[in-house]
**Student:** 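Take a look at the following structure, please.
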Amino acid sequence: MTALTRPFRRLRGRSADPAAEPAAAAVAPVVEEHPGVSVDIPETDPLFAFLQAAPGPVDLSKLELGSTALQALRDAGVALVVPLVTQGELIGTLNLGPRLSEQDYSTDDRRLLATLAAQAAPAIRVAQLVREQAAEAAERERYEQELKVAQLIQQQFLPHELPNLPEWQIAAYYGPARVVGGDFYDFIDLGEGRIGVVVGDVTDKGVPAALVMARTHSILRAEAPRLIEPGKVLSRANELLAPEMPAKMFVTCLYGVLEPATGRFRFANAGHNLPYVRTEAGVIELRATGLPLGLMPDITYEETDGVVGPGEGMLLYSDGVVEQHGPDREMYGFPRLREAMEGDDAGSRLLDRLLEGLKEFQGPIVEQEDDITLVALQRSAGTADWSEARPEVELTRDDAPSLTLSDEPLVTFTIEGAIGNERDAMMRVAEAVAPLGLTESRLERLKTAVAETVMNAIEYGSQGNPDIPVDVRVDADATEIRVRVTDRALSGPVPDVEAPDLDAKLEGRQKPRGWGLFLIRHMVDGMDVHAEDGLQTITLTLAREGR
């Protein structure tokens with residue numbers, strides 16, 4: 001508690017004879033002129049309780065207390081203290097120095113000061129409350145602004161679109177407990193059809209947590225395409241985060257690499273909740289351990305392989321789900337979540353059912369306690385299960401001719417003519433030829449050629465219009481693989497392949513485009529163009545053994 005007023009100053013028109021001062025002079029006792037005294041009086045100091053109970057002004061020279069504040073007031077030259085008490089609460093003091101006349105404060109002086117204090121204390125308390133409310137309003141405004149900034153940061157780094165994977169349903173949900181939280185999720189394109197899947201949780205809330213989330217997100221986005229392997233990615237993220245992590249903060253994070261064509265999911269875990277996979281045999285938990293990011297340097301993370309088979313689904317989630325309490329303070333827990341996973345629904349329907357069940361458990365009165373993040377990945381039942389076939393069909397080139405091939409194509413499909421769908425086509429072709437025993441280098445050449453061909457078909461044949469499709473057919477015999485890509489030829493026939501000349505292109509003697517066809521021609525063993533009835537077909541031929 002701090003003194004609120006300065007000592008009274010000299011009253012003009014005082015009588016020259018101190019002994020003959022009129023009574024009116026008591027309105028402002030004459031005191032020594034020195035700067036105002038402000039001394040903190042803690043509630044634990046004996047002087048605080050004494051002043052709070054005092055009936056009027058207190059003469060410090062006659063007070064005997066083992067009080068640090070009392071000694072500080074005396075050292076500052078205070079002779080008389082007038083407590084300011086309202087509703088039994090000591091809110092401040094009037095501190096007066098000794099009178100210049102060297103006389104004691106009279107009874108009238110004390111009575112007048114007591115009356116003044118009784119009137120001033122409520123007014124001062126009102127002023128204090130107004131000031132506190134203004135400070136609280138400013139603090140609330142600052143906090144609300146901080147939350148808006150944190151919310152903006154968080155929304156900026158959450159995915160705006162989910163991956164569009166053939167034969168997969170992907171759904172995600174994020175619900176903060178308040179305006180902004182510390183959860184995040186992400187999908188990272190790693191090339192070659194692989195997708196990095198991230199779910200994380202930053203301790204704490206507000207702008208600091210949002211900034212740490214943004215930093216973690218940026219690191220994972222930068223390092224995942226370069227390092228690929230989940231354990232290495234998390235180790236690198238921890239190496240960068242540990243030196244700059246704020247006190248008492250850390251990040252739990254699960255990062256995995258999904259191969260949509262095979263359903264393989266290889267992941268590492270930095271202290272996050274483990275994913276569930278719903279299989280025909282029931283719901284299983286994929287296990288991997290590791291410390292959260294940012295706790296300490298030099299941490300290694302083990303990796304675990306899982307498989308999402310045809311018709312199976314995987315759920316990644318944050319602890320806001322399992323740690324939610326009901327009206328009786330019982331926690332939702334892992335068993336309930338596993339049981340809720342056993343239904344047949346998938347994607348957004350699964351998330352809706354999980355959230356409805358959690359809301360029902362929570363009840364109408366209990367508030368959401370923590371952020372909730374859910375990511376569901378469901379594989380269609382009709383997809384080929386290469387996760388089991390690959391180990392059994394690891395064919396060498398000597399084995400390849402012994403395969404019995406029918407006249408039926410390996411696969412036929414149609415994609416929308418939208419920019420970006422070339423990657424989906426490439427992965428479906430790669431999935432179709434996977435059992436044929438191509439060497440890795442030849443498979444990559446075929447994938448590159450298919451992607452370039454389909455991209456040209458989308459760009460020129462469909463002109464980027466999703467309503468104008470592109471057809472793909474894959475055939476194979478004992479010696480070669482043929483991929484036919486058919487478009488609607490909106491931009492006319494495919495031009496002759498011209499060897500790109502950089503100088504000629506810069507000088508305008510060659511069109512700026514043309515690299516794609518040249519690349520396709522050199523990726524495969526043969527390329528044929530055929531146009532008929534408004535359709536244009538490019539046939540790519542690749543020998544199953546290198547020529």
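In what follows, residues are counted from 1 in the order of the sequence shown.
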**Student:** Out of curiosity, Q324 CD to L337 CG, how far, rounded to the nearest 0.5 Å?
**Tutor:** 13.0 Å
**Student:** Hey, are the side chains of I195 and I188 touching, using non-hydrogen atoms and a 4.5 Å cut-off?
**Tutor:** no
**Student:** Tell me, do L410 and V433 make a side-chain contact under 4.5 Å, heavy atoms counted?
**Tutor:** yes
**Student:** Just do the side chain to side chain donor-acceptor pair (under 3.5 Å) check on D183 and S318 with the steps written out, would you?
**Tutor:** CA-CA 7 Å; D183 282 12; S318 65; 2.8 Å; yes
**Student:** Can you pull the side-chain hydrogen bond (donor to acceptor under 3.5 Å, both in side chains) pairs that have at least one residue in residues 353-365, sequence neighbours excluded?
**Tutor:** D345-R353
**Student:** I'd like to know whether V233 forms a side chain to side chain contact (heavy atoms under 4.5 Å, CB included) with I228, so could you lay out the CA-CA distance, the side-chain angles of the two residues, the decisive distance to 0.1 Å, and finally the verdict.
**Tutor:** CA-CA 7 Å; V233 172; I228 304 295; over 6 Å; no
**Student:** Could you go step by step and tell me if D186 and H217 meet the side chain to side chain contact (heavy atoms under 4.5 Å, CB included) rule?
**Tutor:** CA-CA 8 Å; D186 198 10; H217 175 276; 3.0 Å; yes
**Student:** Mind listing the closest non-hydrogen atom pair of V524 and T541 along with its distance?
**Tutor:** CB-O, 3.5 Å
**Student:** Once you round to the nearest 0.5 Å, how far does OG1 of T453 lie from CE of M527?
**Tutor:** 7.5 Å
**Student:** Can you tell me how the ring of Y317 sits relative to the ring of Y276, calling it parallel under 30°, perpendicular over 60° and tilted otherwise?
**Tutor:** parallel
**Student:** Nearest 0.5 angstrom please: L190 CG to L227 CG, how far?
**Tutor:** 10.5 Å
**Student:** Considering non-hydrogen atoms only, spot the tightest contact between V283 and M341 and give its length.
**Tutor:** CG2-CB, 3.8 Å
**Student:** Check whether more than 12 heavy atoms from other residues, nucleotides or ligands sit under 6.0 Å from atom CD of E440, and answer yes or no.
**Tutor:** no
**Student:** Restricting to non-hydrogen atoms, name the atom on P230 and the atom on A268 that form the minimum distance, rounded to 0.1 Å.
**Tutor:** CB-N, 3.6 Å
**Student:** Evaluate side chain to side chain contact (heavy atoms under 4.5 Å, CB included) for L535 paired with R488, printing each intermediate quantity in order.
**Tutor:** CA-CA 5 Å; L535 301 177; R488 273 56 183 173; 4.0 Å; yes
**Student:** Taking Y301 for its side chain and A288 for its backbone only, find out whether a donor-acceptor pair lies under 3.5 Å.
**Tutor:** no
**Student:** Taking the side chain from S462 and the backbone from N465, do they hold a donor-acceptor pair closer than 3.5 Å?
**Tutor:** no
**Student:** Closer than 3.5 angstrom, by distance alone: can the side chain of T373 be matched with the main-chain N or O of F184 as a donor-acceptor pair?
**Tutor:** no
**Student:** So, using salt bridge (Lys or Arg N to Asp or Glu O under 4.0 Å) as the criterion, who are the partners of R266 when residues are at least two apart?
**Tutor:** E303, D305
**Student:** Do we see a donor-acceptor contact under 3.5 Å between the side chains of E369 and H325?
**Tutor:** yes
**Student:** Whether the side chain of E141 engages the backbone of A138 through a donor-acceptor N/O pair (distance < 3.5 Å, no angle test) should be reported.
**Tutor:** no
**Student:** Of I415, V429, N421, which is the lone residue that meets side-chain contact (heavy atoms from CB on, under 4.5 Å) with V454?
**Tutor:** I415
**Student:** For a 4.5 angstrom cut-off between non-hydrogen side-chain atoms, does D467 reach E416?
**Tutor:** no
**Student:** Could you tell me whether R482 and D477 have a side-chain N and a carboxylate O separated by less than 4.0 Å?
**Tutor:** yes
**Student:** So that I can tick it off, tell me whether R221 and D189 are bridged by a salt bridge, with the cut-off set at under 4.0 angstrom between side-chain N and carboxylate O.
**Tutor:** no
**Student:** Would you say the side chain of E192 lies within less than 4.5 Å of the side chain of E444, judging by non-hydrogen atoms?
**Tutor:** yes
**Student:** Can you run down the salt bridge (Lys or Arg N to Asp or Glu O under 4.0 Å) pairs that involve residues 332-341, sequence neighbours left out, and say none if there aren't any?
**Tutor:** E330-R336
**Student:** Between the main-chain N or O of T262 and the side-chain N or O of R379, is there a donor-acceptor pair closer than 3.5 Å?
**Tutor:** yes
**Student:** Atom CG of L258 and atom CZ of F267: how far apart are they, to the nearest 0.5 Å?
**Tutor:** 12.5 Å
**Student:** Between L234 and C253, does a side chain to side chain contact (heavy atoms under 4.5 Å, CB included) hold up when you go through it step by step?
**Tutor:** CA-CA 8 Å; L234 290 187; C253 181; 4.1 Å; yes
**Student:** If you compare all heavy atoms of L293 against all heavy atoms of A237, which two are closest, and at what distance to 0.1 Å?
**Tutor:** CD1-CB, 4.3 Å
**Student:** T414: which residues meet the side-chain hydrogen bond (donor to acceptor under 3.5 Å, both in side chains) condition with it, sequence neighbours left out?
**Tutor:** D471
**Student:** In the structure I gave you, are the side-chain heavy atoms of T439 and R442 within less than 4.5 Å of one another anywhere?
**Tutor:** yes
**Student:** Backbone N or O of G343 within a donor-acceptor pair of the R278 side chain at under 3.5 Å?
**Tutor:** yes
**Student:** State, to 0.1 Å, how close Y332 and A340 come at their nearest heavy-atom pair, and which atoms those are.
**Tutor:** OH-CB, 4.1 Å
**Student:** Roughly how far, to the nearest 0.5 Å, is CZ of R194 from CE of M427?
**Tutor:** 9.0 Å
**Student:** Do the side chains of V474 and I481 get nearer than 4.5 Å, heavy atoms only?
**Tutor:** yes
**Student:** Answer with yes or no whether the side chains of H272 and D201 bring together a donor and an acceptor at under 3.5 Å.
**Tutor:** no
**Student:** At what distance, to the nearest 0.5 angstrom, does CZ of R428 lie from CD of E167?
**Tutor:** 5.5 Å
**Student:** Can you name the residues that form a salt bridge (Lys or Arg N to Asp or Glu O under 4.0 Å) with E285, not counting sequence neighbours?
**Tutor:** R287
**Student:** Is E259 reaching over with its side chain to a backbone N or O of F265, donor-acceptor style, under 3.5 angstrom?
**Tutor:** no
**Student:** Does some side-chain heavy atom of N273 sit less than 4.5 Å from a side-chain heavy atom of F334?
**Tutor:** yes
**Student:** Tell me the side-chain hydrogen bond (donor to acceptor under 3.5 Å, both in side chains) pairs involving residues 238-248, sequence neighbours left out?
**Tutor:** R215-E244, R236-E239
**Student:** Hey, does the side chain of W168 reach the backbone of S380 with a donor-acceptor pair shorter than 3.5 angstrom?
**Tutor:** no
**Student:** Answer yes or no: does atom CD of E132 have more than 12 heavy-atom neighbours from other residues, nucleotides or ligands under 6.0 Å?
**Tutor:** yes
**Student:** In the structure I gave you, are the side-chain heavy atoms of L351 and L315 within less than 4.5 Å of one another anywhere?
**Tutor:** yes
**Student:** Do other residues, nucleotides or ligands put more than 12 heavy atoms under 6.0 Å from D298 CG?
**Tutor:** no
**Student:** Please name the pair of heavy atoms, one in D370 and one in G320, separated by the smallest distance, quoted to 0.1 Å.
**Tutor:** CB-CA, 3.9 Å
